[in-house]
Enquirer: 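Dumping the structure here so I can ask a few things about it.
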Amino acid sequence: MPSIISDDEKPEFVTPGVVNNPVGWGPISIPEQFRDIPYQPFSKSDNLGQITDWTGNLLERRYKNYNQQFGTGQHYSYFHEEDESSFQLVDSSKPQRSLYQRSRARYQRTRHQRPTQRVQDPKTGRMTVIPKYNNPMRRNNWNNRGHDNKSQVKLKSSVEVRKDWELQVEIEFSQIAKKYLSYPEKDIVNLVECGTLEHYDKRYDRITTKAERPLAMTNRLFHYVSTTDDPIIRELAKEGHVFATDSILATIMTCPRSYYSWDIIIQRVGSRLFFDKRDDSDFDLLTVNETANELPGGEGGSNSLQKLSLEATYINQNFSQQCLKREQKTFKRSNPFVNEEDDNEPSSVAYRYRKIPLLGPGAEPLTLICRTEVDAVTTSANGEEKFMNIKALNEWDLKGGASEWRQKLDTQRGDILTTEMKNNKCKLAKWTVSSILAGSDLLKFGYVTRSMPRSSGESIGHSILGTQEFIPKQFAAQISLDMNNAWGILRVIVDRCMQLKDGKYVLYKEPGKGILRIYKVPLNTFEEDNDDSDDEEEEEEK
């Protein structure tokens, strides 16, 4: 039975005091228990800084961009009311700032106090100040961004720009980096095929670092005939509007990757364009480590730019002929550049003259006549013949006299090829574009290294360490080469040249800069140099 609670034992309910606020909500006066406690207004959006701020203004200085809604309060600040002249701080030094604060303050101070540069005005003779944003040195550094890590190697210009040359067009690489044109593969027509090809010797695919083979020297002739000197292009002059060789087109289509200097002669004759090269130029020599972080330097020695270029060209010529069998494939027309008076036999090469349409959105359709080269032919497993281009990658920097390729090629071939893609990005792109222009089915690479001489009197030899085979289109994707962009670049250059008047021009790439310039030159330019060289040869023969 539950117990009965009396009225005295029941809890007492005290009615709280209710304050009537006729103008708002909340108490109308400060409650008694909070009367002597200081209060500082605040907002929920205020930033919380340090718990204690001994300097009084550090928090305000660091967060001056984030001002509080109610300002900085002083309710909790300490005020020393009594005047004590003998009172001193124990630590009177400046507050220590972090390393980040010191470096940032130093940067802000030096940025606004940079010394101005003064130059002399040639007209008035007075010294004038160059604004920092109009300083040509700053603009030059911006144009050369991305190449600051290059070693300080003096690069030579491919041709001397003369005073009587008139600048017509200037194209920066940034303007053509995103130009695209669809690749007209299905519309390409083979007009003429001539020459003789030899079959590739598949035994060279079994070469390893443990079974290397020495590179043999060949006595065959290699012809590097320019566009206007080609008799077959003269026959096809009525078939198109633009005429060039595959090496010239590859140089133009891959120009954003180039770092060294080069030049191409352009002749505008009526509605036709002829892209040519100078007879005494180094246009056909291969580059070495053109896109590496550190360029090979030095005027003398075996590792100078000129000698490395000659060495790479020598290796490519010999390797492309050594790895062939004597089985030949002969086309209907013979090699147009073979002279009966030549004592040595010509190299294995076939020339394919191809008709390529250059179509652009909203642009006049043009026809390109291109002379391309194929190095060899091979037979697949099903008996199908396939065209092949053969190139050689060479190792020249033997650290400590030891070859890195001999140690890693068999097990880490992908790493070696990746390094070559980085250091020779432009050269590999040219080879790929030339193979695609020629319609080659395969692109064969040979890995060749130096063989150090056993004695001081012997010359440096070379050894073949292995080979690797690619399909040109797949290799183009592997090296990030967009053929649509390459065709777009070519179309831009052709359109600019079509706007020029009849005459002779030079397309010039300045060393170390991403700019193309087209100069108008006199008609007899470079012809005088050729006449002088011919006279010297005649005198030597006498």
Side-chain angles (χ1 to χ4, degrees), residues 142-147 167-188 240-266 268 271-275 290-291 354-370 372 421 425-438 472-500 505-519:
W142 174 255
N143 291 333
N144 293 335
R145 64 190 183 278
H147 301 290
L167 179 62
Q168 302 292 320
V169 181
E170 186 173 279
I171 304 174
E172 296 184 1
F173 287 168
S174 58
Q175 299 175 358
I176 57 179
K178 295 184 179 181
K179 298 294 183 180
Y180 297 95
L181 185 64
S182 60
Y183 177 48
E185 181 181 7
K186 62 180 180 180
D187 300 327
I188 297 178
H241 305 90
V242 183
F243 302 85
T245 63
D246 55 353
S247 60
I248 293 176
L249 292 180
T251 302
I252 297 176
M253 297 169 73
T254 61
C255 63
R257 297 173 179 242
S258 61
Y259 190 74
Y260 294 155
S261 177
W262 48 266
D263 61 278
I264 295 173
I265 299 177
I266 303 173
R268 175 72 190 274
S271 60
R272 295 177 177 86
L273 278 178
F274 293 89
F275 289 91
E290 181 178 359
T291 55
R354 315 190 81 192
K355 184 178 181 180
I356 305 174
L358 293 179
L359 304 178
E364 180 183 359
L366 300 174
T367 302
L368 169 66
I369 305 297
C370 175
T372 62
M421 291 179 182
K425 180 169 57 176
C426 182
K427 180 170 65 175
L428 290 175
K430 289 181 182 179
W431 289 347
T432 307
V433 170
S434 297
S435 300
I436 294 176
L437 290 175
K473 295 179 183 178
Q474 296 180 0
F475 188 71
Q478 192 170 347
I479 62 176
S480 301
L481 174 63
D482 191 347
M483 286 301 299
N484 291 334
N485 176 240
W487 285 109
I489 293 173
L490 178 62
R491 179 71 201 212
V492 170
I493 302 298
V494 170
D495 289 342
R496 295 292 183 90
C497 295
M498 282 297 184
Q499 298 174 2
L500 302 174
Y505 301 87
V506 172
L507 176 62
Y508 173 64
K509 160 68 173 62
E510 192 170 351
K513 295 184 179 180
I515 299 177
L516 293 178
R517 295 187 175 95
I518 299 179
Y519 293 93

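Numbering starts at 1 and runs along the sequence shown. As a basis for the values below, the full set of heavy atoms in this structure was taken, side chains included, without hydrogen atoms, waters or symmetry mates. Keep in mind that this is a model prediction, so the values were computed, not measured.
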Enquirer: Which residue pairs pass the salt bridge (charged side-chain N to carboxylate O under 4.0 Å, His left out) test with at least one member in residues 241-262, sequence neighbours excluded?
Expert: none
Enquirer: To check you understand the geometry: which heavy-atom pair defines the closest contact between Thr254 and Ala429, and what is its length?
Expert: CG2-CB, 3.7 Å
Enquirer: Look at the side chain of Ser434 and the backbone N and O of Trp431, then say whether any donor-acceptor pair between them is shorter than 3.5 Å.
Expert: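 It does not hold such a pair.
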Enquirer: With sequence neighbours excluded, tell me which residues meet salt bridge (charged side-chain N to carboxylate O under 4.0 Å, His left out) with Lys473.
Expert: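 Per chain and number, Lys473 pairs via salt bridge (charged side-chain N to carboxylate O under 4.0 Å, His left out) with Glu185.
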Enquirer: Say you draw a straight line from CG of Leu273 to CG of Leu366; how long is it, rounded to the nearest 0.5 Å?
Expert: 8.5 Å
Enquirer: Only counting residues at least two apart or in another chain, list the ones meeting side chain to side chain contact (heavy atoms under 4.5 Å, CB included) with Gln478.
Expert: Leu417, Met421, Phe470, Phe475
Enquirer: Who are the side chain to side chain contact (heavy atoms under 4.5 Å, CB included) partners of Thr367, not counting sequence neighbours?
Expert: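 With neighbours one apart ignored, the set is His241, Lys355, Ile369.
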Enquirer: Arg354 side chain to Ile188 main-chain N or O, any donor-acceptor pair under 3.5 Å?
Expert: no
Enquirer: Could you walk me through whether Ile252 and Val494 pass the side chain to side chain contact (heavy atoms under 4.5 Å, CB included) test, one step at a time?
Expert: CA-CA 10 Å; Ile252 297 176; Val494 170; over 6 Å; no
Enquirer: List in chain and number order the residues that pass side chain to side chain donor-acceptor pair (under 3.5 Å) with Asp263, two or more places apart in sequence or in another chain; answer none if no residue qualifies.
Expert: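 With sequence neighbours excluded, Asp263 shows a side chain to side chain donor-acceptor pair (under 3.5 Å) to Ser158, Arg278, given in chain and number order.
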Enquirer: Roughly how far, to the nearest 0.5 Å, is CG of Leu516 from CH2 of Trp262?
Expert: 5.0 Å
Enquirer: In the structure I gave you, are the side-chain heavy atoms of Cys255 and Ile176 within less than 4.5 Å of one another anywhere?
Expert: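 Touching, per the 4.5 Å side-chain cut-off.
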Enquirer: Look only at the side chain of Glu290 and the backbone of Tyr259, and say whether a donor-acceptor pair between them is shorter than 3.5 Å.
Expert: yes
Enquirer: For Asp495, give me all partners under salt bridge (charged side-chain N to carboxylate O under 4.0 Å, His left out), at least two apart in sequence or on another chain.
Expert: Arg491
Enquirer: Nearest 0.5 angstrom please: Lys509 NZ to Ser258 OG, how far?
Expert: 4.5 Å
Enquirer: Can you tell me if Asn485 uses its side chain to pair, donor with acceptor, with the backbone of Tyr180 under 3.5 Å?
Expert: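 Absent.
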Enquirer: Look up atom CZ in Phe173 and atom CD1 in Ile489, then write down how far apart they are to the nearest 0.5 Å.
Expert: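 One gets 8.5 Å once the value is rounded to the nearest 0.5 Å.
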Enquirer: Can you check side chain to side chain contact (heavy atoms under 4.5 Å, CB included) on Val433 and Met483, steps first, answer last?
Expert: CA-CA 8 Å; Val433 170; Met483 286 301 299; 4.1 Å; yes
Enquirer: Measure the spacing between NZ of Lys179 and CG of Asp482 and express it to the nearest 0.5 Å.
Expert: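 If I round to the nearest 0.5 Å, the distance is 14.5 Å.
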Enquirer: Determine whether a donor-acceptor pair (N or O, by modelled atom type, separation under 3.5 Å) exists between the side chain of Ser261 and the backbone of Glu510.
Expert: no
Enquirer: Who passes side chain to side chain contact (heavy atoms under 4.5 Å, CB included) against Ser247, sequence neighbours left out?
Expert: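 For Ser247 the side chain to side chain contact (heavy atoms under 4.5 Å, CB included) partners, ignoring immediate neighbours, are Thr245, Phe283, Asp284.
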Enquirer: Taking Leu490 as the fixed residue, which of Leu181, Ile356, Leu368 is the one that meets the side-chain contact (heavy atoms from CB on, under 4.5 Å) rule?
Expert: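 The passing option is Leu368.
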Enquirer: Looking at CD1 of Ile266 and CD1 of Ile518, how far apart are the two atoms once the value is rounded to the nearest 0.5 Å?
Expert: 5.0 Å
Enquirer: With Tyr505, which residues qualify under ring-ring contact (aromatic ring centres under 6.0 Å, His included), at least two apart?
Expert: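 For Tyr505, no residue satisfies ring-ring contact (aromatic ring centres under 6.0 Å, His included) once neighbours in sequence are set aside.
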Enquirer: Can you name the residues that form a side chain to side chain donor-acceptor pair (under 3.5 Å) with Tyr519, not counting sequence neighbours?
Expert: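 Tyr519: no side chain to side chain donor-acceptor pair (under 3.5 Å) contacts found.
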Enquirer: Could you tell me which residues satisfy salt bridge (charged side-chain N to carboxylate O under 4.0 Å, His left out) with Lys427, sequence neighbours excluded, listed by chain and number?
Expert: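 Counting only residues at least two positions away or on another chain, Lys427 forms no salt bridge (charged side-chain N to carboxylate O under 4.0 Å, His left out).
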Enquirer: What's the shortest heavy-atom distance between Cys426 and Thr291, and which atoms?
Expert: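 Closest approach of Cys426 to Thr291, heavy atoms only: N-CG2, 4.1 Å.
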Enquirer: Sequence neighbours excluded, which residues qualify as side chain to side chain donor-acceptor pair (under 3.5 Å) partners of Arg496?
Expert: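 Arg496: no side chain to side chain donor-acceptor pair (under 3.5 Å) contacts found.
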Enquirer: Let me see the working for Val169 and Leu500 under side chain to side chain contact (heavy atoms under 4.5 Å, CB included), right down to the final yes or no.
Expert: CA-CA 9 Å; Val169 181; Leu500 302 174; 4.3 Å; yes
Enquirer: Under the 3.5 angstrom rule, does the side chain of Ser435 hit a backbone N or O of Pro472 as a donor-acceptor pair?
Expert: no
